[in-house]
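Heads up: the structure comes next, in structure tokens.
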Amino acid sequence: MPRGDGRLSHDIDPQGPGPQDACGVFGVWAPGEEVAKLTYFGLYALQHRGQEAAGIAVSDGSGVVVFKDLGLVAQVFDEPTLASLRGHIAIGHTRYSTTGGSTWENAQPTLRSTPSGSSTIALAHNGNLVNTAELAQQVADLGLAEPGVTSDTALVTALLAARPDLSVEAAALEVLPTLRGAFSFVFMDEDTLYAARDANGVRPLVLGRLERGWVIASETAALDIVGASVVREVEPGELIAIDEHGLRSSRFAAQDPKGCLFEYVYLARPDTTIVGRNVHAARVEIGRTLAREHPAEGDMVIPVPESGTPAAIGYAAESGIPYGSGLVKNAYVGRTFIQPSQTIRQLGIRLKLNPLRDNVRGKRLVVVDDTIVRGNTQRALVRMLRESGAIEVHVRISAPPVKWPCFYGIDFATRAELLANGLDVEGIRRSIGADSLGFVSLDGLIAATEQPKNRLCRACFDGEYPIDLPADNVIGKHVLEGLARVAAQPAGAAVGVGAGPGVGLIPSAGGADALTRP
């Protein structure tokens, strides 16, 4: 499916998708503005962070209304729909599911009224919680569980609404410290826009200023799109509230920054700035570092468009090898309602990329890409370039080998499926058929971000998880579906694999069991 920033999506190979993106969130408080349209364009700028579902909630001061559906932002919303969403506060979400399946019920923003009906809360979430099972038990004990809803976001919304004797702000200051994992929230009631970020600040969240209001967004690029100036990042452990009295800030946890290193490699738009570092500049520097660490003798440096482009520019500049185009992307192949025939499907990656034969014929190519997950894409690219006449294909990757799954908002393959988990660099080179292969070092990648190592989450590269994971393996994308299956079983019945007393969960892709699989 197409990405909002024009890059190829993870869906180059439907049988072996790459890392699935985190979600995108957007919020605006702006009396007198068309807040739904501002949110629409903000979400459009964040489309690359999730393509499964999109939704917008608005309030005019008297009630909160949500419109959401499965699909891309431009598929979910049209002019009449946006015109009907009137108010002065709005939040929006574009989803890739990291907890809970891709269903309408799990699309966001989630909505929940307080038991008295005096207030309604809508919430959108980027990230992933790791104590979801514990939160689900709390919600069940309160009698607030909703059939068919299996997202951690819905659990948080229910807990916020379960304190009718407190304001939403006071309830948030009680609930937020109980959450473990990564979260960047935008939420709202009838009168106030809120934003909160976990104590480690794993996922990005920024505050912007409009002439007549305020904006919260996952990336600075979304602020640019709607004409908002960047004020600052929402700090880790901070809760912001914006209403007619202005902006106020509270702290619910001491900050211990661990920003996601993978944002710099792949997730964020190149025109976004993270902690003062422009992402495009960081990626160019990663390419320069890659050229120093893994030089190659070649005639042309080519990127895998578009995600490999900045690093390829840096590699070419540092190595002195000319930069050129060797692969052309079909920009309109993506989410489609017409399935390809078996003959076309067998062509695989050729649906998305096609070589410039005259450019690559007879040349020694240095091909720069962002990551290798399963290796299917690189294997197909190397074969295709050789068939087009390339005499050598040297692959350079602008990230270290991905060896560990993420539990904080990115849905990688399980550890068993990660090519780098079972093979060394030489084994990976043979697997993809390249003449040589080089990955940027972890230290080189970190240096390009201009952030200290101890302020970054590097878990997918080095296995050091900054937020403790549940010891009982009750974690993963479909943990709540698993709990529901357990609850539906007769007393004493076992469910799934390895079931025993108190277990009964079916391990899911991306689950904590991925850490221990061979």
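Note that the coordinates shown come from a computational prediction; the quantities given were computed from them, not determined experimentally.
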Can you tell me how far apart [atom1] ([X]) and [atom2] ([Y]) are? Round to the nearest 0.5 Å.
X	Y	atom1	atom2	result
K453	D462	NZ	CG	6.5 Å
C406	F262	SG	CZ	9.0 Å
T449	L261	OG1	CG	6.5 Å
T220	R269	OG1	CZ	9.0 Å
Y266	R283	OH	CZ	10.0 Å
H125	T153	NE2	OG1	5.5 Å

Do [X] and [Y] make a side-chain contact, defined as non-hydrogen atoms from C-beta onward lying under 4.5 Å apart?
X	Y	value
L418	V373	yes
F67	I56	no
L159	L142	yes
V64	D189	no
L239	E169	yes
Y194	I91	no
T39	L85	no
V402	F461	yes

Is a side-chain donor or acceptor of [X] paired with a backbone partner of [Y] at a separation under 3.5 angstrom?
X	Y	result
Q47	L72	no
S398	I286	no
R251	A253	yes
R197	V206	no
D243	D191	no
N354	V328	no
Q51	H48	yes
N200	V202	no
H280	P310	no
R458	I446	no

(request) Determine, stepwise, if the pair C460 / I410 fulfils side chain to side chain contact (heavy atoms under 4.5 Å, CB included). (result) CA-CA 10 Å; C460 57; I410 310 171; over 6 Å; no
(request) Begin from the C-alpha positions of L38 and V215 and carry the test side chain to side chain contact (heavy atoms under 4.5 Å, CB included) through to its verdict. (result) CA-CA 9 Å; L38 286 174; V215 179; 6.0 Å; no
[X] and [Y]: which non-hydrogen atoms are nearest, and at how many Å?
X	Y	value
C23	H93	CB-NE2, 3.4 Å
T157	L123	OG1-CB, 3.6 Å
T94	L43	N-CD2, 4.0 Å
V66	L111	CG2-CD1, 3.8 Å
P305	L353	CG-CD2, 3.7 Å
L135	L179	CD1-CD2, 3.7 Å

(request) Start with the C-alpha distance between L160 and V168, add both sets of side-chain angles, then the distance that settles side chain to side chain contact (heavy atoms under 4.5 Å, CB included), and finish with yes or no. (result) CA-CA 7 Å; L160 288 172; V168 173; 5.5 Å; no
(request) State whether R232 and E238 are salt-bridged, where the test is any N-O pair (Lys NZ or Arg NE/NH1/NH2 against Asp/Glu carboxylate O) under 4.0 Å. (result) yes
(message) Any carboxylate oxygen within less than 4.0 angstrom of a Lys/Arg side-chain nitrogen, looking at E219 and R203?
(response) no
(request) Count the heavy atoms of every other residue, nucleotide or ligand shown that sit under 6.0 Å from CD of E134, and state whether that count exceeds 12. (result) yes
(message) Walk me through whether V28 and E33 qualify under side chain to side chain contact (heavy atoms under 4.5 Å, CB included).
(response) CA-CA 10 Å; V28 57; E33 298 282 359; over 6 Å; no
(message) Classify the ring geometry of Y465 against Y408: parallel below 30°, tilted from 30° to 60°, perpendicular beyond 60°.
(response) perpendicular
(message) Over 60° means perpendicular and under 30° means parallel, so tell me whether F187 and F185 are parallel, tilted or perpendicular.
(response) perpendicular
(message) Quiz question: by atom type and distance under 3.5 Å, do the side chains of S59 and E190 form a donor-acceptor pair?
(response) no
